[in-house]
Trainee: 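First the structure, then my questions, so here it is.
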Protein chains: 2
Amino acid sequence: MYFTAVSKRAYGQFCGIVRAVELIGERWALLIIRDLLVKPKRYSDLRQGLPRIPTNILAARLKELASAGIVRRRLLSRPSGVVYELSEYGRELEDIVLRLGRWGAKSLTEPGREDIVTVDSLIMALRSNFRAGRDASYELHLGDIVINASIRGGRLEVAEGTLPDADLVIETGTAIMTLMAGDVTPAKAIESGSVRLAGNVDLLSRFVDTFRI
Amino acid sequence: MYFTAVSKRAYGQFCGIVRAVELIGERWALLIIRDLLVKPKRYSDLRQGLPRIPTNILAARLKELASAGIVRRRLLSRPSGVVYELSEYGRELEDIVLRLGRWGAKSLTEPGREDIVTVDSLIMALRSNFRAGRDASYELHLGDIVINASIRGGRLEVAEGTLPDADLVIETGTAIMTLMAGDVTPAKAIESGSVRLAGNVDLLSRFVDTFRI
DNA sequence: CCGGATCCTCGGTGATACTG
DNA sequence: CAGTATCACCGAGGATCCGG
């Protein structure tokens with residue numbers, strides 16, 4: 001079931017934490033897993049979601065993660081191609097990755113000049129910071145990214161794309177961070193024009209409550 | 001409160017998970033945090049707990065983690081010296097690190113020829129795999145390491161050293177892994193001599209239940 | 001076009017020696 | 001005790017090339 005460690009340079013300790021770091025501690029590994037937690041992906045999808053990863057590193061990590069039993073390489077026909085997906089063992093990382101995202105988001109301030117937001121990072125950000133709230137559905141536009149989130153029965157589902165019957169459509173930019181972090185009130189954000197809405201406008205404050213950092 | 005990222009080579013994404021990886025994803029960083037989660041430590045204590053870490057790397061990581069607001073460097077007098085301790089933000093990693101330990105322990109098999117077990121790794125291993133059970137106290141000897149664990153009111157406390165009034169004293173080696181993983185029964189382990197006991201011998205199976213991987 | 005492999009450079013890591 | 005200094009090396013970064 002489980003095979004070789006990813007990292008060659010061993011830490012020399014017999015310990016679960018050390019083992020975990022050897023498996024997923026290499027550069028880029030956890031971000032590949034982040035994207036695969038959203039859904040199985042082709043090699044080219046992964047490249048697109050991680051624009052700065054060197055192609056040889058992506059290939060190496062996928063091989064290592066596969067031999068560690070975390071990722072599976074699956075051949076598909078019609079259309080033919082290759083998809084990478086998480087194994088059961090890999091999917092067990094979901095909760096850890098989400099918690100890491102919540103922890104890391106607390107120390108996010110301004111996006112750097114070269115920092116981008118990807119579809120998968122935004123999807124995982126919503127999953128990370130979700131706290132149960134009343135049902136609602138949202139369509140969120142951030143730059144040219146469109147995702148939708150629906151809370152039904154206290155459970156959250158987030159996916160890429162529009163949601164025609166969303167209760168609220170939110171169009172915004174990176175300024176949404178100040179809103180989610182509570183640095184600015186929903187009313188102020190609307191007033192300043194940093195978010196534009198369509199639908200049930202009152203739901204914006206519920207959205208903020210549901211996903212507040 | 002929070003400052004520069006640890007890693008210089010940026011991933012180029014504005015995302016909580018990316019931020020987390022930039023803060024604690026560098027080599028050795030999470031193991032330093034593992035040891036500091038047990039208790040504050042001197043530079044030399046950290047070196048002893050991480051024998052394979054190059055001293056310049058340890059110094060660099062501590063500086064980076066400090067400037068990231070995860071670790072604090074505290075000067076103490078009488079006896080004079082320096083201790084490193086986790087900040088509030090750093091301590092928020094405890095649950096994540098414990099979960100990583102549980103996840104990684106699942107894929108541990110045999111210890112490699114050069115793999116050692118340290119006091120802190122063993123303490124964190126027990127914390128990782130703890131599942132609430134009835135009260136009891138144990139003293140565990142593994143090689144020349146001695147730690148003690150007491151469960152009182154469903155809460156676990158683990159520390160280094162002996163515990164004179166422990167309900168059960170367990171003396172064992174790395175063979176304990178087969179026991180904790182459920183590959184061998186407590187009775188068989190006693191019979192084979194891979195564990196030796198003193199005190200209330202019947203508590204061994206409760207110990208296994210409480211900390212089973 | 002997809003899914004990589006190859007080559008080269010550069011900087012972080014590892015190992016050791018040394019110091020206030 | 002708590003680091004700094006030096007240097008060899010190897011993995012990451014970046015561009016290009018290749019086979020189906």
Side-chain angles (χ1 to χ4, degrees), chain A residues 4-13 18 21-32 35-36 40-67 71-85 114 116, chain B residues 4-13 18 21-32 35-36 40-68 71-85 114:
Chain A
T4 63
V6 167
S7 72
K8 288 109 193 75
R9 296 125 86 186
Y11 290 91
Q13 298 193 7
V18 168
V21 169
E22 287 176 349
L23 289 175
I24 58 169
E26 299 289 289
R27 208 166 152 73
W28 292 105
L30 210 60
L31 303 187
I32 294 171
D35 285 10
L36 291 183
K41 291 212 159 56
R42 292 162 166 270
Y43 190 88
S44 46
D45 297 331
L46 288 167
R47 286 191 67 175
Q48 194 177 357
L50 302 166
R52 308 255 287 230
I53 194 173
T55 162
N56 56 338
I57 297 296
L58 176 56
R61 289 293 170 275
L62 286 172
K63 230 175 260 176
E64 294 159 352
L65 290 171
S67 92
V71 159
R72 250 194 314 265
R73 185 183 200 271
R74 187 156 53 88
L75 293 158
L76 39 80
S77 46
R78 196 166 62 266
S80 74
V82 184
V83 284
Y84 294 92
E85 61 188 5
E114 314 212 304
I116 63 170
Chain B
T4 64
V6 166
S7 73
K8 290 109 192 72
R9 295 126 84 182
Y11 291 91
Q13 297 194 8
V18 169
V21 169
E22 287 175 350
L23 289 176
I24 58 169
E26 300 288 290
R27 206 165 153 71
W28 294 105
L30 210 61
L31 303 187
I32 294 170
D35 284 11
L36 291 182
K41 289 209 160 55
R42 292 162 170 271
Y43 191 88
S44 46
D45 297 331
L46 287 167
R47 287 193 65 174
Q48 193 177 356
L50 302 166
R52 309 253 286 231
I53 194 175
T55 166
N56 57 339
I57 297 296
L58 176 57
R61 288 294 170 274
L62 286 171
K63 232 176 255 177
E64 293 158 355
L65 290 171
S67 92
V71 159
R72 251 195 312 267
R73 185 184 198 271
R74 187 156 54 89
L75 292 159
L76 41 78
S77 47
R78 197 170 62 265
S80 74
V82 184
V83 284
Y84 293 91
E85 61 188 5
E114 313 211 303

Trainee: What residues, two or more places apart in sequence or in another chain, satisfy side chain to side chain donor-acceptor pair (under 3.5 Å) together with B:Arg9?
Mentor: none
Trainee: Applying salt bridge (Lys or Arg N to Asp or Glu O under 4.0 Å), can you list everything that pairs with A:Glu22, at least two apart in sequence or on another chain?
Mentor: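 Listed in chain order: nothing, the list is empty.
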Trainee: How about CD on A:Gln48, more than 12 heavy atoms from neighbouring residues, nucleotides or ligands closer than 6.0 Å, or not?
Mentor: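 Not buried by this count: 12 neighbours or fewer within 6.0 Å.
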Trainee: Starting from the 5' end of DNA chain C, give me the residue, B:Arg52 or A:Val83, whose nearest nucleotide shows up first.
Mentor: A:Val83
Trainee: What is the bend of the helix from C:dC1-D:dG20 to C:dG20-D:dC1 when you compare the axis at one end with the axis at the other, using five pairs each and rounding to 10°?
Mentor: 30°
Trainee: With a 4.0 angstrom cut-off to heavy atoms of chain A, pull out the first and last contacting nucleotide of DNA chain D, in 5'-to-3' order.
Mentor: D:dG11 to D:dT16
Trainee: Please produce a list of atom pairs where a protein N or O lies less than 3.5 Å from an N or O of nucleotides 5-11 of chain C.
Mentor:
unit_1: C:dA5; atom_1: OP1; unit_2: A:Lys63; atom_2: NZ; d: 3.3

Trainee: Could you tell me which residues satisfy salt bridge (Lys or Arg N to Asp or Glu O under 4.0 Å) with A:Arg52, sequence neighbours excluded, listed by chain and number?
Mentor: A:Glu114
Trainee: I'd like to check the side chain to side chain donor-acceptor pair (under 3.5 Å) partners of B:Gln13; sequence neighbours left out, ordered by chain and number.
Mentor: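 For B:Gln13, the residues satisfying side chain to side chain donor-acceptor pair (under 3.5 Å) (neighbours in sequence not counted) are A:Arg34.
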Trainee: Taking atom CD of B:Glu64 and atom CD of B:Glu26, what is their separation to the nearest 0.5 Å?
Mentor: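 Going from CD on B:Glu64 over to CD on B:Glu26, the span is 6.5 Å.
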Trainee: Got a list of side-chain donor-acceptor pairs under 3.5 Å for residues 40-47 of chain B, not counting sequence neighbours?
Mentor:
unit_1: B:Lys41; atom_1: NZ; unit_2: B:Asp35; atom_2: O; d: 3.1
unit_1: B:Lys41; atom_1: NZ; unit_2: B:Asp120; atom_2: OD2; d: 2.9
unit_1: B:Tyr43; atom_1: OH; unit_2: B:Thr55; atom_2: O; d: 2.8
unit_1: B:Tyr43; atom_1: OH; unit_2: B:Thr55; atom_2: OG1; d: 2.8
unit_1: B:Asp45; atom_1: OD2; unit_2: B:Arg42; atom_2: N; d: 3.1

Trainee: Quick check: do A:Ile53 and A:Ile32 have side-chain heavy atoms less than 4.5 Å from each other?
Mentor: yes
Trainee: B:Arg27 side chain to A:Gly25 main-chain N or O, any donor-acceptor pair under 3.5 Å?
Mentor: no
Trainee: Taking all non-hydrogen atoms of both residues into account, name the closest pair between A:Leu65 and A:Ala29 and its distance.
Mentor: CD1-O, 4.3 Å
